[in-house]
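Structure first, commentary second.
Just so we're clear, the structure is a prediction, and the values are computed from it rather than from any experiment. Order of listing sets the numbers, starting from 1, for every ligand and every atom in it.
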Amino acid sequence: MLSSTAGYVSMVAASACLLPLGSKPAGARSGSGRKHRRGRLSCKAAADGDAKRLEVDRRRVLLGLGGVAVTTNFGLSLAQGADASQCAAVPITAEVLQCVSVPGGFRCPGLYNPSDVVDFSTLPRPRGPPRVRKAAHLLDEADVKRYEETLGRMKALPDDDPRSFKRQSAIHEAYCASHYKVVPAGGGPETVSDVHYSSIFAPWHRMYIYFFEGILGDLVGDPTFGLPYWNWDTPAGMVMPAIFDNKCSPLYNSRRNPARVHGFIDLNLGQPKPDKAQKPKCTDDELICRMEDNLAILYRQMAVSTPKEFYGGKFCSAELDDKGKQQHKVTGSLEAGAHTAAHIWLGDPEQANQDMGDLSTAARDPVFYSNHSNVDRMWHVWSTKLGGPLLPYQEWLDTSFVFYDADKRPVRTKVSDVLDIGKLGYTYEEHGELPWLGKRPKPATGIDRRPGKRSANKVTSSYTTVTLRNDENVYMTVARPEKAWAGGGSGKKAPEALVVDITLDPCEYVKFDVLVNVPKGQEYKVGPRNAEFAGSFTHVPHGRSFGGGMAMIQVSYQFALRELLEDLKSGDDGQLDITIVPVNADEVVIDDARIELL
Ligand code: C2O
């Protein structure tokens with residue numbers, strides 16, 4: 001399987017193109033790769049410059065000149081919900097949340113008249129055979145032809161058609177790069193709406209590609225057209241699918257990382273770091289090691305036991321804790337895992353001309369939709385085969401967004417409308433077992449765990465404010481809540497997680513790894529296949545095309561600990577040694593790190 005990927009490069013030599021290319025010729029990009037500005041000022045500085053333009057445009061929107069509205073029913077459901085205090089700070093309604101175009105720049109993905117909006121639940125359910133989403137690397141010739149044909153037609157639609165590829169990809173940009181503003185109904189500061197870093201990630205992206213797929217099917221009159229998935233969770237799928245690499249095809253995009261476009265994906269995003277010592281030695285073939293690391297990373301992302309770990313936290317702009325203090329948003333493992341790695345793999349965030357590496361441009365690359373088809377499949381697998389529960393938040397179920405369908409109708413769709421893919425009329429074609437299921441990480445060998453080797457950090461139940469520097473590990477010893485370890489290991493313990501609060505610049509790519517109970521100086525013995533490797537926090541940059549304009553992001557990540565502690569036989573320990581290994585995290589601020597029962 002793996003050797004076939006080595007020979008892959010030769011298969012993709014360019015031939016004479018029969019179709020016009022949608023993107024700039026490859027030569028146009030050489031040397032023009034503007035280095036993305038580094039440093040935390042990059043977003044902030046631009047924010048001031050954009051504020052005026054945004055303000056002007058927002059007034060246009062409020063005057064009824066257009067914009068796509070998003071509504072959630074937070075206000076309504078919260079009135080009866082147990083968690084009312086948490087989201088009530090920012091009630092989001094159709095009136096206050098509007099898309100903001102940038103004059104002379106970004107145009108909102110579609111304008112509609114609110115009275116034209118139809119409710120998804122009132123539309124007839126699909127009848128007939130389901131759409132079948134197949135693994136992109138296993139498509140037959142007819143499947144590829146059909147996909148090329150329909151995407152070609154979509155790209156040929158006039159720009160102002162809401163079904164056009166331009167408008168479709170603008171939807172993603174609008175929802176992640178500051179174009180939707182949330183203005184609290186009762187006053188208060190305006191905030192930015194984003195469909196990342198929270199539990200809205202999974203359902204919003206499901207809706208997005210569902211409507212995209214429906215339009216594609218319609219354009220070739222094929223109601224069974226299914227969006228292929230990039231099967232990066234199986235070894236044979238761990239390269240970008242070849243269908244996206246034919247220069248003559250509408251599926252092609254020249255704005256990708258040329259160094260990685262034919263390579264075997266590294267979900268650990270091993271950087272060419274100056275300090276190579278951070279990586280455990282690979283005693284096998286390099287590709288086998290990478291594959292095993294990938295499978296272990298997938299295992300970790302999927303083997304989480306609570307819905308909050310998997311989906312992320314609430315979709316409110318600012319959650320409040322019970323003391324009324326503003327909390328960070330919480331990213332789920334579905335988002336921060338392989339999904340993010342695939343973005344960064346194909347788009348070097350340091351290069352301004354590689355679409356996948358920035359959420360505001362990512363959906364301009366056709367491979368984006370297949371990445372998300374697989375993300376959606378991972379959600380489906382987790383919530384069915386692995387028995388993962390849905391989030392128990394009523395406001396999650398009631399949150400709704402408007403998308404154009406194949407008939408150019410704006411359709412208001414609620415999260416509760418999209419929980420069952422059978423009802424949506426599509427299915428995933430599976431082939432073979434899920435290879436990551438059996439890849440539970442094992443304790444690293446050769447680690448000297450004698451007590452004297454453990455760190456001499458001050459023990460605390462909560463660590464505050466550390467600014468990360470690349471290649472400088474941060475060591476902390478964090479106490480576990482007594483409930484988590486007391487009781488002598490008998491009985492089933494509640495799942496717990498290391499919760500890390502992070503403040504980051506949305507324009508920057510961020511990755512750091514977290515290790516548990518690894519003595520200082522022995523980090524290089526631990527990799528994703530080891531139980532000590534709790535996981536990574538990763539973040540895809542936003543908003544380069546927007547020229548900044550985004551405030552710093554405060555987000556939390558939960559590193560699941562239950563299996564890890566079992567495997568390390570540390571279930572009875574009252575405290576854990578935590579090592580934060582910055583991979584690309586210069587100036588990222590850790591606001592707090594603590595262990596919480598879930
Ligand atoms: Cu909205 Cu892959 O991101």
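Salt bridge status for D119 with K414: absent, with no side-chain N to carboxylate O gap under 4.0 Å. Ion pairing between R290 and D293 fails under the 4.0 Å rule for side-chain N and carboxylate O. One finds no salt bridge joining D194 and K329 here, because no Lys/Arg side-chain nitrogen approaches an Asp/Glu carboxylate oxygen to under 4.0 Å.
By the 30° and 60° cut-offs, the orientation of the rings of F401 relative to Y175 is perpendicular. Ring planes of F120 and Y210: perpendicular class, angle over 60° (limits at 30 and 60°). Y208 and F403 have parallel rings, their planes meeting at less than 30° on a 0 to 90° scale where 60° marks the start of perpendicular.
Around atom 1 (Cu) of ligand 1, the protein N, O or S atoms closer than 2.8 Å are H172 NE2, H196 NE2, H205 NE2, listed by chain and residue number.
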